[in-house]
J.: 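Here it is, the structure, as structure tokens.
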Amino acid sequence: MKRKAESNTSKSVDLDKSHWSAGLLKSMKDPECIVKEDDKIIVIKDKYPKAQFHYLVLPKEDISSIWQVKRNHQDLLMHMHNIARDLVEKQTDHEFIIGYHAMPSMQRLHLHVISTDFNSPCLKTKYHWNSFTTPFFLHSSDVSRQLHEEGEIKKVSPERCKEYLNTQLKCHKCTLQPKNMPALKRHILTHIDKQKQ
DNA sequence: GTTCTAGAAC
DNA sequence: GTTCTAGAAC
């Protein structure tokens, strides 16, 4: 009852620990989810992995998103990147990308570490696909360089984010533009098979 | 973030 | 008739 009344304003939704957007905060406290942990960060497995391997690196410090990151967090971002690199090195037979979503929907800064097979039943929508394969995905190395050279991360407008998410489907490994998600999902399997041969 | 499902697309 | 996408969720 109380929660319902409070959730009428957007600000109280942000603070509501029972709201779905607080899901990562819950996962960070769940031993079942935790892959690795040190004094500054926690690594968890994505609850709905969009590829064969999909981890999230989160700082323990309460940073809500990439857009709250300033120069004073340079070392933290480098540390998160190094942790990600360590995870990637364990799977020498898989390619990975490491980065942030330009418009994240979950609370707490989180670095995606995801294999580029994108072979997962949880990957269902154009939004999912474009969030990893268009400039909506901010590569960690670019973000860190920008923070170092410019002192801040160049904001991607909500309008631009929506453009990226609505981009026509395109294979990340070739020029094919499949007509829909099922066609794309069938197609990317052919790239995986080629690697194995 | 996901789930559900109406109705568009085929 | 079936597949697929897109928008609401109190």
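To find a chain, count down the sequence lines: A is the first, B the second, and so on, and within it residues start at 1. Note that the structure is a prediction, hence the values are computed from the model and not measured.
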J.: Taking only residues two or more places apart in sequence, or in another chain, which ones meet A:Arg85 in a side chain to side chain contact (heavy atoms under 4.5 Å, CB included)?
T.: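 Expected list: A:His81, A:Glu89, A:Ile98.
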
J.: Looking at every non-hydrogen atom in both residues, tell me the closest pair between A:Thr134 and A:Asn130 and how far apart they are.
T.: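 Smallest interatomic distance, heavy atoms only, reads OG1-O, 2.7 Å.
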
J.: Can you check the A:Gln107 CD to B:dT2 C1' distance for me, whole Å?
T.: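 Checked: the CD to C1' distance equals 16 Å.
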
J.: Specify the separation, in whole Å, of atom NZ of A:Lys126 and atom C1' of C:dT3.
T.: 16 Å

J.: State which of C:dA6, B:dG1, C:dT5 makes the closest approach to the side chain of A:Met181.
T.: C:dT5

J.: Looking across every strand, which nucleic acid part, if any, lies under 4.0 Å from A:Pro104 by heavy atom: base, sugar-phosphate, or nothing?
T.: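 The residue A:Pro104 makes no contact with any strand.
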
J.: So which nucleotide does B:dG1 pair with, by the Watson-Crick or G-U wobble rule with both distances under 3.5 Å?
T.: none

J.: Could you state the atom-to-atom distance from NE2 of A:His19 to P of B:dT2 in whole Å?
T.: 14 Å

J.: OP1 or OP2 of B:dT3 versus the side-chain N and O atoms of A:Lys124: is any pair under 4.0 Å?
T.: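 Checking B:dT3 against A:Lys124, a side-chain N or O does come within under 4.0 Å of OP1 or OP2.
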
J.: Measure from OH on A:Tyr127 to P on C:dA8 and round the result to the nearest Å.
T.: 15 Å

J.: At 4.0 Å (heavy atoms only), tell me whether A:Ser105 reaches a base, stays on the sugar-phosphate, or touches nothing.
T.: base

J.: So does A:His19 have more than 12 non-hydrogen atoms from other groups sitting under 6.0 Å from NE2?
T.: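 Atom NE2 in A:His19 is packed in, count exceeds 12.
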
J.: Checking all strands, does A:Lys179 fall into the base, sugar-phosphate, or nothing category for heavy-atom contacts under 4.0 angstrom?
T.: nothing

J.: Does B:dT2 have its OP1 or OP2 closer than 4.0 Å to a side-chain nitrogen or oxygen of A:His128?
T.: yes

J.: Could you check how far CH2 of A:Trp129 sits from P of C:dA6, rounded to whole Å?
T.: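 Rounded to whole Å, this separation is 16 Å.
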
J.: What are the two closest non-hydrogen atoms of A:Cys174 and A:His187, and how far apart are they?
T.: SG-NE2, 3.3 Å

J.: How many Å lie between CH2 on A:Trp20 and P on B:dC4, as a whole number?
T.: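 Answer to the nearest Å: 17 Å.
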
J.: Rounded to whole angstrom units, what separation is found between the CG atom of A:Leu58 and the P atom of B:dG1?
T.: 12 Å

J.: Taking the six-membered ring for Trp, are A:Phe137 and A:Phe132 parallel (under 30°), tilted (30 to 60°) or perpendicular (over 60°)?
T.: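 Judged by the thresholds at 30° and 60°, the geometry between A:Phe137 and A:Phe132 is tilted.
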
J.: Take atom CE of A:Met103 and atom C1' of B:dG1, then tell me their distance rounded to the nearest Å.
T.: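 One finds 14 Å between C1' of B:dG1 and CE of A:Met103, rounded.
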
